[in-house]
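Computed from a predicted model, the values in this text were never measured in an experiment. Numbers here are sequence positions counted from 1.
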Amino acid sequence: MSDEIEFDAESSATTWAAFGDLMSVLLGAFVLILASVIGIQLLLHNRLDEEVKQRQAEAARLKTLEQALAAPLAAGRVTVIDGRIGISGNVLFALNSDQLQPEGRELLQSIAGPLRDYLSARDEILMVSGFTDNQPVRTANARFADNLELSAARALTVTRTLIADGVPSSSVFAAAFGAEQPVSSNDDEAGRARNRRVEIAPIPRHTSNEKPGGKADAH
């Protein structure tokens, strides 16, 4: 009888030990799962917080730009859409020309100061982009081989004018798109007039220790 009691006691002790080990394993697994869930929640929270900050910074940037250009915006001489300053090509240039008209020269002079002040407080540069409609350059105008060359000349004219009016040369550059990226249909004159334009867009300035692709040197 005593042997049976001892056997039952040993069996019960072994069972409770195994049960204890199982509970320890389950508790450990639960703690790991809980820690993982908390970690994921913190990561999502941080990402959401960062996204909110980025959107707030972008909204503040656009507000600053619109404030800097309040006068020409109120007069309807420029537009600001998604941070891009748009100027009608008809205001700046005659058809198939890269020579500024008096109204265009006056307009660029009026926005150069606000743009210079805007850049002085931000680590950005200006990309001046020229665009045309899809109509071939007039054969009588032998200066330009095609619309791409015409848009490049116009972008350079605006860039040089802004520099002459005080925008630092290190903070502005020209780009040409020709008839690419129209904002309206080229099927009628009104649409083609909207496509003949120059856009000035602030973009982040690349730091000197960055390589193409945004990766910094590890020196």
Side-chain angles (χ1 to χ4, degrees), residues 54 57-58 60-73 77-94 96-101 103-134 137 141 143-183 194-217:
Q54 289 178 354
E58 179 65 15
R61 184 182 75 84
L62 294 178
K63 184 177 180 180
T64 300
L65 186 60
E66 290 174 354
Q67 289 174 341
L69 299 172
L73 275 172
R77 305 179 77 186
V78 302
T79 60
V80 178
I81 301 175
D82 296 331
R84 301 190 310 274
I85 304 164
I87 308 174
S88 170
N90 294 343
V91 172
L92 295 173
F93 307 101
N96 289 326
S97 172
D98 66 334
Q99 302 300 307
L100 280 174
Q101 301 186 115
E103 182 184 3
R105 179 68 184 83
E106 180 185 350
L107 173 59
L108 292 179
Q109 189 174 28
S110 72
I111 68 175
L115 287 174
R116 182 182 63 246
D117 295 340
Y118 172 85
L119 291 172
S120 67
R122 309 188 68 85
D123 194 23
E124 296 178 340
I125 59 177
L126 300 177
M127 180 174 71
V128 179
S129 302
F131 303 85
T132 67
D133 58 30
N134 67 345
V137 176
N141 189 343
R143 290 190 59 207
F144 309 110
D146 52 27
N147 280 317
L148 184 63
E149 190 171 328
L150 172 61
S151 67
R154 287 179 168 180
L156 282 171
T157 296
V158 173
T159 299
R160 288 168 175 156
T161 302
L162 291 175
I163 293 172
D165 288 335
V167 176
S169 59
S170 61
S171 298
V172 59
F173 69 98
F177 292 88
E180 302 298 329
Q181 301 185 24
V183 294
R194 285 189 290 271
N195 291 332
R196 297 191 296 268
R197 68 196 190 279
V198 171
E199 292 183 356
I200 304 173
I203 63 174
R205 181 191 298 274
H206 289 295
T207 57
S208 58
N209 64 338
E210 283 189 351
K211 294 180 178 180
K215 294 183 179 180
D217 290 332

Measure across [X] and [Y] and return the closest heavy-atom pair with its distance rounded to 0.1 Å.
X      : Y      : value
Leu107 : Ser110 : O-OG, 2.6 Å
Ala112 : Val167 : O-CG2, 3.7 Å
Ser120 : Asp117 : OG-O, 2.6 Å
Gly130 : Ala155 : N-CB, 3.8 Å
Gln99  : Phe93  : O-CD2, 3.5 Å
Ser171 : Leu119 : CB-CD1, 3.8 Å

I need the [X] [atom1] to [Y] [atom2] distance, nearest 0.5 Å.
X      : Y      : atom1 : atom2 : result
Thr132 : Phe144 : OG1   : CZ    : 11.5 Å
Glu149 : Arg143 : CD    : CZ    : 9.0 Å
Arg196 : Leu92  : CZ    : CG    : 12.0 Å
Arg205 : Ile125 : CZ    : CD1   : 6.0 Å
Glu124 : Tyr118 : CD    : OH    : 4.0 Å
Ile200 : Ile111 : CD1   : CD1   : 4.0 Å

Counting only heavy atoms not in Glu180, do more than 12 fall under 6.0 Å of its CD? no

Residue pairs passing the side chain to side chain donor-acceptor pair (under 3.5 Å) test with at least one member in residues 153-170, sequence neighbours excluded, are Arg105-Asp165

Could you go through the side-chain contact (heavy atoms from CB on, under 4.5 Å) check for Val128 and Val198 one step at a time? CA-CA 7 Å; Val128 179; Val198 171; 3.8 Å; yes

Could you pull out all residues at least two apart from Glu199 that satisfy salt bridge (charged side-chain N to carboxylate O under 4.0 Å, His left out)? Arg84, Arg197

Main-chain N/O of Asn90 paired with Glu103 side-chain donor or acceptor, under 3.5 Å: no

So do Asn96 and Leu150 actually touch side chain to side chain, heavy atoms under 4.5 Å? yes

Criterion side chain to side chain contact (heavy atoms under 4.5 Å, CB included) against Val158, the qualifying member of Asp98, Leu126, Leu108, Ile163: Leu108

